[in-house]
Amino acid sequence: GENVEQHPSTLSVQEGDSAVIKCTYSDSASNYFPWYKQELGKRPQLIIDIRSNVGEKKDQRIAVTLNKTAKHFSLHITETQPEDSAVYFCAAKGNSGYALNFGKGTSLLVTP
Amino acid sequence: EAEVAQSPRYKITEKSQAVAFWCDPISGHATLYWYRQILGQGPELLVQFQDESVVDDSQLPKDRFSAERLKGVDSTLKIQPAELGDSAMYLCASSPDPGPYEQYFGPGTRLTVT
């Protein structure tokens with residue numbers, strides 16, 4: 001089955017700096033790669049997603065890049081703000097199955 | 001904006017007791033997922049429904065867990081008997097179909113087994 005690895009597990013940045021979280025996946029047939037933000041005690045919320053026919057997608061301060069050859073994708077947050085502090089999960093959805101396979105999460109702390 | 005509903009939000013039970021969780025997906029969503037999230041980890045799929053049919057329950061501990069979606073709308077996940085290791089957040093999610101589309105998560109049920 002699909003295996004998704006996520007790094008780093010924790011990330012601390014100063015407000016205004018950029019944050020980058022990286023994920024790798026194992027199933028070359030995977031075609032959908034969402035990123036979820038989860039605040040403490042709350043539900044995961046989709047912040048951006050990318051499909052396998054696109055290499056990069058941007059939404060204001062958030063961008064995701066996908067390298068299908070290397071089987072990795074990354075989340076980029078620019079001009080970070082304290083309210084960006086949360087746990088971020090990457091996920092991949094393979095062709096052979098229907099559910100999302102999640103990484104173990106990155107705890108992002110943005111300090112003022 | 002429509003949301004996935006779950007109840008209860010919190011449940012404390014003693015080991016060997018039975019517990020049940022309920023999920024009501026977004027109206028019109030044919031695909032429903034139950035995930036388990038252990039503290040500090042990502043969600044892991046327990047069972048996936050397409051309408052009323054189970055399409056993947058390979059990770060569901062069937063000796064103690066059961067799930068149903070009788071009319072293809074809301075769903076119930078049951079654990080009997082509960083064990084200490086079942087303490088986790090149980091998340092329900094839904095999507096319009098099983099393709100590469102966003103899954104919308106409910107608020108979850110936090111289960112504590114004592």
Side-chain angles (χ1 to χ4, degrees), chain A residues 1-10 21 23-25 27 29-54 57 59 64 66 68 73 75 86-107, chain B residues 1-7 9-10 23-26 29-51 53-60 67 88-112:
Chain A
E2 175 70 275
N3 181 43
V4 177
E5 296 198 355
Q6 182 172 349
H7 300 280
S9 57
T10 61
I21 303 171
C23 289
T24 61
Y25 60 98
D27 187 351
S30 292
N31 59 4
Y32 178 62
F33 307 92
W35 286 88
Y36 283 84
K37 175 183 180 182
Q38 188 175 30
E39 298 176 356
L40 190 63
K42 296 189 176 181
R43 75 188 77 190
Q45 298 256 6
L46 181 77
I47 55 172
I48 195 166
D49 58 8
I50 191 167
R51 291 173 176 78
S52 59
N53 59 344
V54 176
K57 184 177 179 180
D59 183 4
V64 58
L66 172 65
K68 287 168 51 181
F73 56 113
L75 177 71
V87 179
Y88 291 80
F89 292 97
C90 64
K93 187 179 175 74
N95 254 351
S96 59
Y98 300 114
L100 292 171
N101 291 282
F102 285 84
K104 292 189 180 300
T106 296
S107 179
Chain B
E1 181 176 324
E3 292 188 337
V4 176
Q6 287 188 250
S7 66
R9 294 292 307 279
Y10 305 92
C23 172
D24 191 13
I26 293 172
H29 280 195
T31 310
L32 184 148
Y33 312 82
W34 283 102
Y35 290 91
R36 177 169 60 185
Q37 186 177 26
I38 296 170
L39 193 63
Q41 297 185 21
E44 294 181 328
L45 181 73
L46 290 173
V47 61
Q48 177 185 343
F49 289 91
Q50 182 64 25
D51 299 311
S53 300
V54 173
V55 296
D56 186 356
D57 63 356
S58 57
Q59 301 303 311
L60 188 72
M89 174 76 85
Y90 290 81
L91 292 161
C92 179
S94 71
S95 63
D97 66 34
Y101 303 109
E102 177 179 358
Q103 293 182 16
Y104 298 82
F105 283 86
T109 296
R110 169 72 65 188
L111 173 66
T112 302

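Note that the structure is a prediction, hence the values are computed from the model and not measured. Labels below follow one simple rule: chain letters A, B, ... track the order of the sequence lines, proteins then strands, and each chain is numbered from 1.
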> Given the rule in the side chain to side chain contact (heavy atoms under 4.5 Å, CB included) test, do B:Cys23 and B:Leu32 qualify, once you have shown the distances and angles that lead to the verdict?
Replying inline: CA-CA 9 Å; B:Cys23 172; B:Leu32 184 148; 4.0 Å; yes
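- For a residue to count as touching a neighbouring chain, one of its non-hydrogen atoms must lie under 4.5 Å from one of that chain's; by this rule B:Gln37 touches chain A with the side chain only.
- Under 3.5 Å, the side chains of B:Gln50 and B:Thr31 contain a donor-acceptor pair of N or O atoms.
- When heavy atoms are compared at a cutoff of 4.5 Å, A:Gln38 approaches chain B solely by way of its side chain, counted from C-beta outward.
- Residues B:Glu102 and A:Tyr32 bring no donor and acceptor atom of their side chains to less than 3.5 Å of each other.
- Between the side chains of B:Ser53 and B:Asp51, no donor N or O sits under 3.5 Å from an acceptor N or O.
- Proximity to chain B is absent for every atom of A:Phe33, based on heavy atoms less than 4.5 angstrom apart.
- Heavy-atom distances place both the backbone and the side chain of A:Pro44 under 4.5 Å from chain B.
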